[in-house]
Amino acid sequence: MRIVLVGPPGAGKGTQAAYLARNLSIPHISTGDLFRANISQGTELGRQAKAYMDAGELVPDEVTIGMAKERMEQPDAAGGFLLDGFPRNVSQAEALDAMLKSEGMTLDAVLDLEVPEDEVVKRIAGRRICRNDSSHVFHVTYSPPKQEDVCDICGGDLYQRDDDTEETVRKRLEVYHTQTEPIIDYYRGQGLVVTISALGKVTDVTERAMEALKKSTQHAKD
Ligand code: AMP
C-alpha cells in the first residue's frame, strides 16, 4: 500500500504513522524526521534545512523532493510506504505523482487527520519527544512520562522540538493552511482522500484510521 498522511502540526501524524506502518508492514517515511536526522548528523542538507524549520517555513522543494525520492527508492519501500509530512504543497504532490507514474505505480489513499486549531496549539506546546524514537511522544499534561524528561518506553531523553514554540507553531499552522491544505483538494480530485477525526485516545484514532483505510481501498477495488 502507498499512503499519504496529511493533517496540521500536532494532529498526531508521527504517532499514528508509526502504528499504522507497523500494522500494514510498510516503512514510515517522515521528511521531518529525515531533516532532523540530517541536522543531528551535521550534514550540509541539515544545515540548509534548519533555518527554514526553525522559522516554521517549508524547506525548498529542490532539497525536499530529492531527499524524499532517495528514501522512497530504498529496497524496503519497494512494496509500499506511508508518507508522513510529504508532500506538503501541490508541486511536491505533482512531483510524487510523476515519480510514481514513471514506475507504473499509484497512491492507494490519502488519510486526512482532522483536529480543531485550539487543540493543535495545546498539544504542541506541551509535546515532548524521545531522542531515540520520534514515535515515542509524551505531553506534559495529557500524557506525562512517569519520570520527568525520560521516555517510559525506552528510557531515552525527552526533548521539546526547536520548532514547537508557540510563535513557530502559529507560523506552521499558517503554512499548513496556505500551502498544504490545497493538496487535499488536489487528491480529492483523484478520489483518494479519507478524512477521520484525530481526537481521542491514540489507540482509538489508529483503529478509526485502519477501518477507514480498509473501507477506502476495498471501495477502490470494487
Ligand atoms: P514535521 O516533523 O513533519 O512537523 O516537519 C518539521 C519541519 O520540517 C516543517 O515545519 C518543515 O520546516 C520541514 N519539512 C518537513 N517536511 C517537509 C516537506 N515535505 N516540505 C518542506 N518542508 C518540510
Side-chain angles (χ1 to χ4, degrees), residues 2-18 20-21 27-41 43 45-72 77 81-100 107 110-113 115 117 119-121 123-131 133-139 158-184 186-187 198:
R2 290 177 195 85
I3 302 168
V4 167
L5 205 55
V6 285
K13 290 192 298 296
T15 310
Q16 289 306 326
L20 293 171
H28 165 202
I29 300 181
S30 155
T31 40
D33 281 353
L34 291 173
F35 284 133
R36 281 184 288 277
N38 272 278
I39 292 171
S40 60
Q41 287 155 17
T43 69
L45 192 149
R47 198 192 56 73
Q48 286 175 20
K50 185 163 174 33
Y52 294 99
M53 293 173 76
D54 286 348
E57 284 165 14
L58 295 187
V59 179
D61 287 350
E62 307 85 80
V63 178
T64 307
I65 292 170
M67 178 184 75
K69 185 165 186 279
E70 202 181 305
R71 177 63 189 89
M72 281 183 267
F81 45 69
L82 195 156
L83 295 178
D84 157 16
F86 181 86
R88 241 184 173 92
N89 60 26
V90 171
S91 56
Q92 290 180 11
E94 287 169 349
L96 174 62
D97 271 355
M99 213 184 292
L100 292 172
L107 287 174
V110 173
L111 184 67
D112 167 32
L113 297 183
V115 62
E117 193 136 329
E119 177 69 18
V120 159
V121 177
R123 281 187 184 192
I124 295 193
R127 178 158 78 171
R128 297 292 181 273
I129 296 170
C130 177
R131 285 205 191 275
D133 185 330
S134 65
S135 71
H136 300 169
V137 183
F138 298 83
H139 188 283
L158 298 181
Y159 76 107
Q160 180 169 34
R161 274 171 46 172
D162 288 347
D163 59 349
D164 274 356
T165 61
E166 185 159 345
E167 193 194 341
T168 311
V169 169
R170 298 222 177 267
K171 178 68 189 169
R172 285 161 63 201
L173 272 170
E174 182 198 315
V175 167
Y176 180 74
H177 290 313
T178 56
Q179 302 192 51
T180 308
E181 262 179 355
I183 71 172
I184 299 177
Y186 173 86
Y187 284 130

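What you are looking at is a predicted structure, and each value in this text was computed from that prediction instead of being measured. Ligands are counted one by one from 1 in listed order, and the atoms in each one are counted from 1 as well.
- Using a cut-off of 4.0 Å between Lys/Arg side-chain N and Asp/Glu carboxylate O, Lys171 and Glu167 are scored as not salt-bridged.
- Among all non-hydrogen protein atoms, the one lying nearest atom 8 (O) of ligand 1 is Met53 CE, 3.4 Å.
- For ligand 1, the polar-atom distance check against Phe86 finds no nitrogen or oxygen pair separated by under 3.5 Å.
- A side-chain N or O of Tyr186 and one of Asp97 form a donor-acceptor pair less than 3.5 Å apart.
- Classification of Glu174 and Arg170 as a salt-bridged pair fails, no side-chain N sitting under 4.0 Å from a carboxylate O.
- When Arg88, Lys171, Lys13 are checked for heavy-atom proximity to atom 3 (O) of ligand 1, Arg88 turns out nearest.
- Heavy-atom proximity to Thr31, at under 4.0 Å, picks out these atoms of ligand 1: 15 (C), 16 (N), 17 (C), 19 (N).
- With 3.5 Å as the limit, one finds a donor-acceptor pair spanning the side chains of Glu117 and His177.
- Contacts between Asp163 and ligand 1, counted as non-hydrogen atom pairs separated by less than 4.0 Å, involve the side chain only.
- Atoms of ligand 1 found under 4.0 Å from any heavy atom of Arg172 (numbered from 1 in listed order, with element): 4 (O).
- Annotation: cation-pi pair Arg131/Tyr159 present, NZ/CZ under 6.0 Å from the ring centroid and within 45° of its normal.
- When only non-hydrogen protein atoms are considered, atom 23 (C) of ligand 1 lies nearest to Phe35 CE1, 3.7 Å.
- Those atoms of ligand 1 that come under 4.0 Å of a heavy atom in Gln92, given as number and element, are 18 (C), 19 (N), 20 (N), 21 (C).
- Within the listing of ligand 1, atoms 2 (O), 6 (C) sit less than 4.0 angstrom from a heavy atom of Arg36.
- In the vicinity of Thr64, heavy-atom distances shorter than 4.0 Å reach the ligand 1 atoms 18 (C), 19 (N), 20 (N), 21 (C).
- Looking at Gly85 next to ligand 1, an N or O pair under 3.5 Å apart turns up.
- At least one side-chain heavy atom of Leu111 sits under 4.5 Å from a side-chain heavy atom of Leu20.
- Look at Asp162 and Lys50 and you find a salt bridge, because one of the NZ, NE, NH1 or NH2 atoms lies within 4.0 Å of a carboxylate O, short of that distance.
- Close approach to Glu57 involves these atoms of ligand 1, each under 4.0 Å from a residue heavy atom: 11 (C), 12 (O).
- A salt bridge links Asp164 with Arg127: at least one charged nitrogen is closer than 4.0 Å to a carboxylate oxygen.
- Between the side chain of Arg123 and the main chain of Ala11, a donor-acceptor pair closer than 3.5 Å is present.
- At least one heavy atom of Arg161 sits closer than 4.0 Å to an atom of ligand 1.
- Val59 N, 3.0 Å is the protein heavy atom nearest to atom 22 (N) of ligand 1.
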